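Reading through the structure tokens given below for one structure.
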Amino acid sequence: MNDELEYRAVLAVDIERSAGRGDRALLEIRARLTEMLKEAFEASGVDWSACLRHDLGDGLRVTAPAGTRKAALVHPLVPELALRLRTYNRGAAPLTRIRVRIALHAGDVHVSPDGTVAGSPLEVLARLLDAPPARAALAGAPQTVPASLLLSGHFYDETVRHGHLGLFPEDFRKVGFTVKEHTADAWLQLPGREPPPDPDTAGAAPEPADVQDQPAGPEAAGSKMVNKASGHGVVYATQHGTQHIRIERKH
């Protein structure tokens, strides 16, 4: 056995709701996803032919070449893949539309001469790919959102946290998860969307607005909204949308 360890970045994608589509549809979406991944890697400056790729059935695991700049696997790779997925989905039939969960991690792995990769970082990657917060975020997002992205804490700390070009820490939300024996924190993003809402605050009541900015409710007959106009005027909007403008002149 090769005892030499190599530090590698590893990425995995899993197709959402791939089961039950039938063999022809599954073969089609697997082929299209691989094609789009290849294009996204190459657009990010990562040599696809030098990557080690392993079939996950309804997804793919990719071990990047040694020395790959990890930040490039977040940006521009993820936006490039999301753009291709969204464009493809516009013209795809329902059975062949593709939405994916993406997971990223890095660590020391064994790389055999035949291209086999093994080691605990792959176990962590598998747990990230199956993490409930990533599943829930994608399932709850509009269908136009083609992917969720989950970074391990290690990957986030070495890339996104520093705010390098194209990487915005505020676009990610820290989540905790447990899958099988693995419990950890990770960083979640919906590419192209605002940060997923924190479940602890998502149901909280909004902060009360200034009275003059609140529209009248339909149940409040005769109620009105008051807004300041430019100059010395006041605008009154009644319940049914009628506006009254009163000009206040200084004498």
Side-chain angles (χ1 to χ4, degrees), residues 8-41 44 46 48 51-64 73-74 77-86 88-89 92 94-107 109 117-153 155-156 172-173 175-182 184 186-193 196:
R8 298 287 190 101
V10 286
L11 175 148
V13 294
D14 186 87
I15 301 169
E16 181 190 51
R17 298 179 181 174
S18 60
R21 301 198 199 192
D23 289 347
R24 292 183 62 184
L26 182 58
L27 290 172
E28 170 68 14
I29 61 179
R30 279 163 43 98
R32 295 306 300 268
L33 176 59
T34 301
E35 176 185 325
M36 286 184 277
L37 266 174
K38 177 178 182 292
E39 293 174 353
F41 266 79
S44 303
V46 182
W48 179 253
C51 294
L52 301 173
R53 304 182 294 276
H54 297 87
D55 192 344
L56 299 179
D58 52 2
L60 198 67
R61 187 182 75 222
V62 182
T63 303
L73 299 179
V74 182
L77 193 149
V78 172
E80 289 283 349
L81 178 59
L83 174 63
R84 285 164 172 78
L85 285 168
R86 188 169 182 180
Y88 162 77
N89 285 340
L95 277 179
T96 54
R97 289 176 190 152
I98 306 171
R99 299 210 306 169
V100 299
R101 298 188 313 281
I102 308 167
L104 276 166
H105 185 44
V109 296
V117 184
S120 58
L122 301 186
E123 297 175 5
V124 174
L125 184 69
R127 304 302 178 252
L128 289 165
L129 195 61
D130 204 32
R135 287 182 175 274
L138 185 59
Q143 288 299 305
T144 53
V145 175
S148 67
L149 171 64
L150 194 64
L151 307 183
S152 68
F155 203 103
Y156 177 91
F172 290 78
R173 175 170 63 84
V175 297
F177 71 95
T178 298
V179 175
K180 295 183 178 180
E181 75 291 348
H182 185 78
W187 293 86
L188 178 65
Q189 182 199 42
L190 291 176
R193 290 281 302 228

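Being a predicted model, the structure only gives us computed values, none of them experimental.
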I'd like to check [X] versus [Y] (side-chain heavy atoms, cut-off strictly below 4.5 Å). Are they in contact?
X: Leu150; Y: Pro133; value: no
X: Leu129; Y: Arg61; value: no
X: Arg53; Y: Leu37; value: no

When rounded to the nearest 0.5 angstrom, what is the spacing between [atom1] in [X] and [atom2] in [Y]?
X: Lys180; Y: Asp130; atom1: NZ; atom2: CG; value: 7.5 Å
X: Leu26; Y: Arg21; atom1: CG; atom2: CZ; value: 8.0 Å
X: Ile15; Y: Arg32; atom1: CD1; atom2: CZ; value: 12.0 Å
X: His105; Y: Leu73; atom1: NE2; atom2: CG; value: 13.5 Å
X: Leu188; Y: Leu138; atom1: CG; atom2: CG; value: 9.5 Å
X: Leu83; Y: Leu81; atom1: CG; atom2: CG; value: 9.5 Å

Worksheet item: Is a side-chain N or O of Arg101 found less than 3.5 angstrom from the main chain of Ala12, in a donor-acceptor match?
Response: no
Give the minimum heavy-atom separation between [X] and [Y], together with the two atoms involved.
X: Leu122; Y: Val117; answer: CD1-O, 3.3 Å
X: Ala147; Y: Pro191; answer: O-CD, 3.2 Å
X: Ile29; Y: Ile98; answer: O-CD1, 3.6 Å
X: Ala139; Y: Arg17; answer: CB-NH2, 4.5 Å
X: Ala9; Y: Ala106; answer: CA-CB, 3.9 Å
X: Ala92; Y: Arg97; answer: O-NE, 3.1 Å

Worksheet item: Taking it one step at a time, do Arg84 and Glu80 satisfy salt bridge (charged side-chain N to carboxylate O under 4.0 Å, His left out)?
Response: CA-CA 6 Å; Arg84 285 164 172 78; Glu80 289 283 349; 2.5 Å; yes
Item to complete: Only one of Val46, Leu125, Leu77 passes side chain to side chain contact (heavy atoms under 4.5 Å, CB included) with Leu11; say which it is.
Response: Leu77
Item to complete: Name all residues meeting the salt bridge (Lys or Arg N to Asp or Glu O under 4.0 Å) criterion together with Asp58; count only those two or more places apart in sequence or in a different chain, and write none if there are none.
Response: none
Discussion item. Side chain to side chain contact (heavy atoms under 4.5 Å, CB included), that's the test. Do Leu85 and Arg99 meet it? Break it down for me.
Written reply: CA-CA 7 Å; Leu85 285 168; Arg99 299 210 306 169; over 6 Å; no
Fill in: Asp14 vs Leu56, side chain to side chain contact (heavy atoms under 4.5 Å, CB included): CA-CA, chis, key distance, verdict
CA-CA 8 Å; Asp14 186 87; Leu56 299 179; 5.7 Å; no
Worksheet item: Under 4.0 Å between a Lys/Arg side-chain N and an Asp/Glu carboxylate O for Arg127 and Glu123?
Response: no
Worksheet item: Is atom CG of Asp55 surrounded by more than 12 heavy atoms (other residues, nucleotides or ligands) closer than 6.0 Å?
Response: yes
Fill in: Validation row, ring centre Tyr156 to ring centre Trp187 under 6.0 Å
yes
